[in-house]
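Here is the structure we will look at, set down as structure tokens.
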Amino acid sequence: MLMARLDLHLHTTRSDGSLPPAAVVALAKKANVTALAITDHDTVDGIAEALAAGRELEIEVIPGIEISSRWEGLELHILGYFIDWHDPVLLDRLTRYRATRHDRNPQIIARLNELGLAVTYDEVRELARTESIGRPHIARVLIEKGYVSSAKEAFDRYLADGAAAYVPRSLPDPAEAIALIRGAGGVPVLAHPSWIDRGNGMVDLCRHLKETGLAGIEVHYSTHRPEQTNQYLNVARQLDLLVTGGSDFHGVTKPDIEVGIGRGQLHVPEKLLEPLKKAAGRA
Ligand code: AMP
Ligand code: ZN
Ligand code: FE
Ligand code: FE
């Protein structure tokens with residue numbers, strides 16, 4: 001039996017994950033996760049199903065969200081915990097964020113077509129069956145059609161920033177995403193800091209984000225090496241930010257990452273939940 005743990009970063013079929021919310025909750029139960037957060041991109045669609053599954057399996061489900069933002073050329077992802085997922089301002093803004101995906105995705109498809117890959121946006125929509133369509137869905141179509149053998153190859157060759165078919169999406173700045181989450185009663189947390197870590201400036205960046213309302217940093221993450229976990233723990237201590245963690249499970253597009261355990265080394269301690277609840281006014 002695995003040690004009890006949290007997993008505060010999970011994607012489902014309601015955005016770019018490949019398993020439905022109830023299946024993700026069931027996997028969390030198997031991994032001895034005692035509390036989890038569903039953090040789909042730009043949508044709260046999976047939360048009701050996850051809450052119901054959580055009641056059935058006796059596992060705590062935290063309503064969450066992940067919002068992409070851009071700051072000085074960097075893509076920062078902001079997680080929100082304990083959001084009021086019925087908040088009309090939140091729902092309206094998320095609808096607009098999802099709409100920018102429909103501006104961008106056909107442009108990516110056009111680039112792929114120019115490169116000689118026969119894919120259509122209809123095929124992507126058919127596979128995705130959600131309004132929150134992302135590059136991982138496009139990657140899956142490219143795999144199905146045999147153009148690439150993995151999502152990693154799809155991103156490396158075509159979809160990643162700087163790759164052949166990359167098109168940027170219009171994104172809010174982090175202050176807007178943070179304020180939106182706060183406005184819905186949620187706790188905003190910087191996701192996977194390692195993605196934007198260029199060797200220095202992380203403390204300054206987090207200090208700036210904290211001034212705009214950031215409450216925490218995702219210290220524990222599937223791909224973090226022990227020294228990275230320590231580094232971000234120190235940033236959190238220095239700036240008095242909450243410590244969180246999660247796997248960023250997506251299913252088939254990140255086949256090496258499992259719910260609760262990431263690549264096997266992830267352990268998000270249960271003791272991190274109380275401070276997060278306190279920050280949300282739930283303790
Ligand atoms: P989008 O929301 O369309 O901008 O797509 C971004 C999502 O793609 C991220 O949230 C990740 O889940 C996923 N992603 C980014 N890079 C990779 C990669 N190399 N392999 C698989 N998935 C990736
Ligand atoms: Zn994703
Ligand atoms: Fe992310
Ligand atoms: Fe994520």
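Worth knowing before you read on, the calculation uses all heavy atoms, side chains too, and leaves out hydrogens, waters and symmetry mates. Order of listing sets the numbers, starting from 1, for every ligand and every atom in it.
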Taking the inter-plane angle between the rings of Tyr221 and Trp195 on a 0 to 90° scale, is it parallel (under 30°), tilted (30 to 60°) or perpendicular (over 60°)?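 Answer is perpendicular, since the angle exceeds 60°.
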**Prompt:** Where does the angle between the aromatic ring planes of His224 and Tyr232 fall among parallel (under 30°), tilted (30 to 60°) and perpendicular (over 60°)?
**Reply:**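 His224 and Tyr232: tilted rings.
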Does Tyr166 reach the side chain of Arg111, with side-chain heavy atoms less than 4.5 Å apart?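 Of all side-chain heavy-atom pairs linking Arg111 with Tyr166, none is under 4.5 Å.
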Provide the number and element of each atom of ligand 1 under 4.0 Å from a heavy atom of [X].
X: Arg101; answer: 1 (P), 2 (O), 3 (O)
X: Lys254; answer: 11 (C), 12 (O), 22 (N)
X: Pro136; answer: 5 (O), 7 (C), 8 (O), 13 (C)
X: Thr253; answer: 21 (C)
X: Gly134; answer: 3 (O)
X: Arg104; answer: 1 (P), 3 (O), 4 (O)
X: His41; answer: 10 (O)

Check your understanding: Among all protein non-hydrogen atoms, which one is nearest to atom 9 (C) of ligand 1, and what is the separation to 0.1 Å?
Key ->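 Of every protein heavy atom, Trp195 CH2, 4.1 Å lies nearest to atom 9 (C) of ligand 1.
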- Item | Distance from atom 3 (O) of ligand 1 to nearest protein heavy atom, with residue and atom |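 The protein heavy atom lying closest is Arg135 N, 2.8 Å.
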Backbone or side-chain N or O of Lys152 under 3.5 Å from ligand 1 N or O:
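N/O-N/O distance below 3.5 Å does not exist for this pair.
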Q. Hey, does His250 come in under 3.5 Å of ligand 1, counting only N/O atoms on both sides?
A.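 Among all N and O atoms of His250, at least one is under 3.5 Å from an N or O of ligand 1.
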Asp248 versus His9, side-chain donor and acceptor atoms under 3.5 Å
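Their side chains do contain a donor-acceptor pair, which is all the 3.5 Å distance test asks for.
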Do any of the N, O or S atoms of His250 sit under 2.8 Å from the Fe ion (ligand 4)?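 Coordinating: no.
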Query raised in the report: Sorted by chain and residue number, which protein N/O/S atoms are under 2.8 Å from the Fe ion (ligand 3)?
Result: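 Less than 2.8 Å away from the Fe ion (ligand 3) sit Glu66 OE2, His77 ND1, His192 NE2.
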- request: Flag yes if more than 12 heavy atoms outside Glu75 fall under 6.0 Å of its CD atom; otherwise flag no.
  value: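 Result for CD/Glu75: enclosed.
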Does [X] reach the main-chain N or O of [Y] with its side chain, forming a donor-acceptor pair under 3.5 Å?
X: Arg101; Y: Ile133; value: yes
X: Arg5; Y: Leu266; value: yes
X: Ser69; Y: Leu76; value: yes

| said: Can you pull out every side-chain hydrogen bond (donor to acceptor under 3.5 Å, both in side chains) where at least one residue sits in residues 151-164? Sequence neighbours excluded, please. | reply: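 Every pair satisfying side-chain hydrogen bond (donor to acceptor under 3.5 Å, both in side chains) with a residue in residues 151-164: Ser149-Glu153, Lys152-Asp156, Glu153-Arg157.
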- prompt: Mind checking what makes side-chain hydrogen bond (donor to acceptor under 3.5 Å, both in side chains) contact with Ser170, not counting sequence neighbours?
  reply: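 Scan of Ser170 (side-chain hydrogen bond (donor to acceptor under 3.5 Å, both in side chains), adjacent residues dropped) gives none.
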Set of side-chain hydrogen bond (donor to acceptor under 3.5 Å, both in side chains) partners for Tyr81, sequence neighbours left out
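Listed in chain order: nothing, the list is empty.
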- Name the option, out of Tyr166, Phe155, Phe249, that contains the heavy atom nearest to atom 15 (C) of ligand 1.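 Residue with the shortest heavy-atom distance to the ligand atom: Phe155.
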- Message: So which atom in Leu8 and which in Ala35 form the shortest heavy-atom distance, rounded to 0.1 Å?
- Response: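 Nearest pair, atom of Leu8 first, then Ala35: CD2-O, 4.3 Å.
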